[in-house]
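See below for the structure under consideration.
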Amino acid sequence: MLKAPQTRDPFAGDGFAGAVVEWFVETGRHDLPWRQTADPYAILVSEIMLQQTQVATVLERGYFTRWLERFPDPAALAAAAEPEVLKCWEGLGYYNRARNLQKAARALIEEHGGSFPGELDKIRALPGVGRYTAGAIASIAFGRAAAVVDGNVVRVFARLFDFREAVDTPAAQKRFWEWAERLVPENRPREYNAGLMELGQRVCLRTSPACLACPVADWCAATDPAALPIKNGGPKTVFVTERVLFAVRDGRLLLERESGSRRRGLWKLPALPEDFAGEAPPVMLETKYSITHHRVDLIVQGWAGDPTGLSAGPNPVESEGELAWFDLQTEVPAIAMPSPYRRAVETILARQKA
DNA sequence: GATGCGTGGTC
DNA sequence: TGACCAAGCAT
């Protein structure tokens, strides 16, 4: 990697922040829908959606715009029924984000009289809002000089300060926050924070950083930027098999609602017991999906036409949650299902139609 | 402080 | 193609 040596100190004066701000003002993505608004609620929605989720996913699949059309303000979201809230979130994952967003809307109504607080600690107290999100809202929506540290900032800082230790430790995170607090400027913190993150997203790339195009290369101490940041990594992938039932009766599909988990309130194909071998319904579909550090082999079993096997003998369903039948035409499309099950159902239905 | 959480994209 | 990752948070 070709990269000029460091010649300037990020902490000396406001040159570093000024360079980030200038770069953002001149070349930033000002067309993003959440940059077309000054509404703190809309900024909150965007920041929650963007947690651990790529810009392209939120943007191209229309989640942000659709959400604001359906829930244009905290009052609309606070008054909504949770199933509809989850349905609007379907496919984004981390469904507690949607539930917390509604809790936050209710807190805005009930504890703040419907007006959005501009103080960092009050923003931070909203459900689902952690240190990053609070800083992002305070700076972007209110112009406060609050720091942000996300995955992009970690990568930029690891290189800027040539940080050759693991970044995914509490001690390292503490240092990144200290650096962020020291560097965030009183002048134009909105453009600085947005620019710092966008720099990580578009220039300070993970595997091939574009140092020749970087506006802060003069301040960067890294000699081998592509080797940073260093991570310990998470747990190893666990491979599991999941057998579920596809049962249709009178045009209605049997689904199970998860109860205790964080996918609570979402509907899935009911689980079949592991040892359900002898009289098991035939395999209709086998597919794979990943969830956190699990790699799941999803096997859908059932009777395409005549589900007599379902009513014969004991209930073949191993269920921890509530079971219910949903009309395939009208109800199944309207309820919230995790993506793997949604895809499986649609694949099977399309196959039967053909 | 470690762990669990959803999904889609990337190389 | 499998491991890694992306605008983190709550418990």
Side-chain angles (χ1 to χ4, degrees), chain A residues 28-29 32-35 43-61 63-64 86 89-101 103-104 123-141 146-156 167-174 176-177 180 190 193-202 204-208 226 229-239 258 260-266 268 288-298 336-343:
Chain A
R29 296 191 60 183
L32 296 173
W34 45 89
R35 291 189 177 148
I43 305 294
L44 167 68
V45 171
S46 74
E47 290 299 339
I48 300 292
M49 284 188 172
L50 288 163
Q51 288 170 3
Q52 297 294 118
T53 306
Q54 296 191 345
V55 170
T57 300
V58 175
L59 192 63
E60 291 163 18
R61 297 174 62 191
Y63 285 105
F64 177 75
L86 291 175
W89 205 267
E90 182 181 276
L92 266 181
Y94 285 136
Y95 294 94
N96 263 352
R97 292 186 297 173
R99 276 186 283 271
N100 284 332
L101 193 48
K103 289 179 189 167
I123 301 171
R124 174 71 178 81
L126 294 171
V129 175
R131 193 173 179 182
Y132 161 77
T133 305
I137 295 172
S139 60
I140 293 172
V148 295
V149 174
D150 71 341
N152 290 310
V153 175
V154 166
R155 188 169 54 258
V156 172
V167 299
D168 51 352
T169 68
Q173 291 296 311
K174 190 166 179 288
F176 285 104
W177 276 102
R190 173 187 293 110
N193 279 341
L196 191 61
M197 291 188 281
E198 192 164 324
L199 197 60
Q201 185 195 0
R202 294 174 46 208
C204 198
L205 303 174
R206 183 166 62 90
T207 52
S208 55
I230 295 165
K231 296 194 178 184
N232 288 325
K236 290 187 176 178
T237 302
V238 178
F239 293 84
E258 304 205 25
S261 77
R262 301 188 179 213
R263 286 157 118 184
R264 154 175 47 95
L266 278 82
K268 53 168 284 192
K288 296 181 190 303
Y289 71 92
S290 295
I291 177 167
T292 63
H293 67 288
H294 292 88
R295 181 71 179 171
V296 181
D297 185 13
L298 179 64
M337 300 177 68
S339 290
Y341 308 105
R342 174 69 68 190
R343 282 195 300 268

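Letters A, B, ... are given to chains in the order of the sequence lines, protein chains preceding strands, and every chain is numbered from 1.
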Partners of [X] by side chain to side chain contact (heavy atoms under 4.5 Å, CB included), sequence neighbours excluded?
X	result
D168(A)	A166(A), K231(A), N232(A)
R61(A)	T57(A), Y63(A)
N193(A)	S139(A), V148(A), V184(A)
A180(A)	A147(A), V149(A), F157(A)

Residues in salt bridge (charged side-chain N to carboxylate O under 4.0 Å, His left out) contact with [X], at least two apart in sequence or another chain:
X	answer
R343(A)	none
K236(A)	none
R97(A)	none
R206(A)	none

So what does [X] touch, heavy atoms closer than 4.0 Å: a base, only the sugar-phosphate, or nothing?
X	answer
R202(A)	nothing
W34(A)	base
K231(A)	sugar-phosphate

Exercise. What is the 5' to 3' range of DNA chain C, first to last nucleotide, that sits under 4.0 Å from any heavy atom of chain A?
Worked result: dA3(C) to dA10(C)
Problem set entry | Any residue of residues 128-138 of chain A with a heavy atom less than 4.0 Å from an atom of DNA chain B | none
Exercise. Within this structure, what is the CG-to-P distance between L50(A) and dG6(B), rounded to whole angstrom?
Worked result: 18 Å
Exercise. Hey, are the side chains of D297(A) and F239(A) touching, using non-hydrogen atoms and a 4.5 Å cut-off?
Worked result: no
Distances under 3.5 Å between nitrogen or oxygen atoms of protein and nucleotides 7-9 of chain B:
unit_1	atom_1	unit_2	atom_2	d
dT7(B)	OP1	Y95(A)	OH	3.0
dT7(B)	OP1	S339(A)	N	2.6
dT7(B)	OP2	R263(A)	NH2	3.4
dT7(B)	O3'	G91(A)	O	3.2
dG8(B)	OP2	R343(A)	NH1	2.8

Exercise. Excluding sequence neighbours, so at least two apart, what forms ring pair (Phe, Tyr, Trp, His ring centres under 6.0 Å) with F176(A)?
Worked result: F163(A), W179(A)
Problem set entry | C1' spacing across the pair dA2(B) / dA7(C), given as an integer number of angstrom |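 One C1' to the other, the span is 23 Å.
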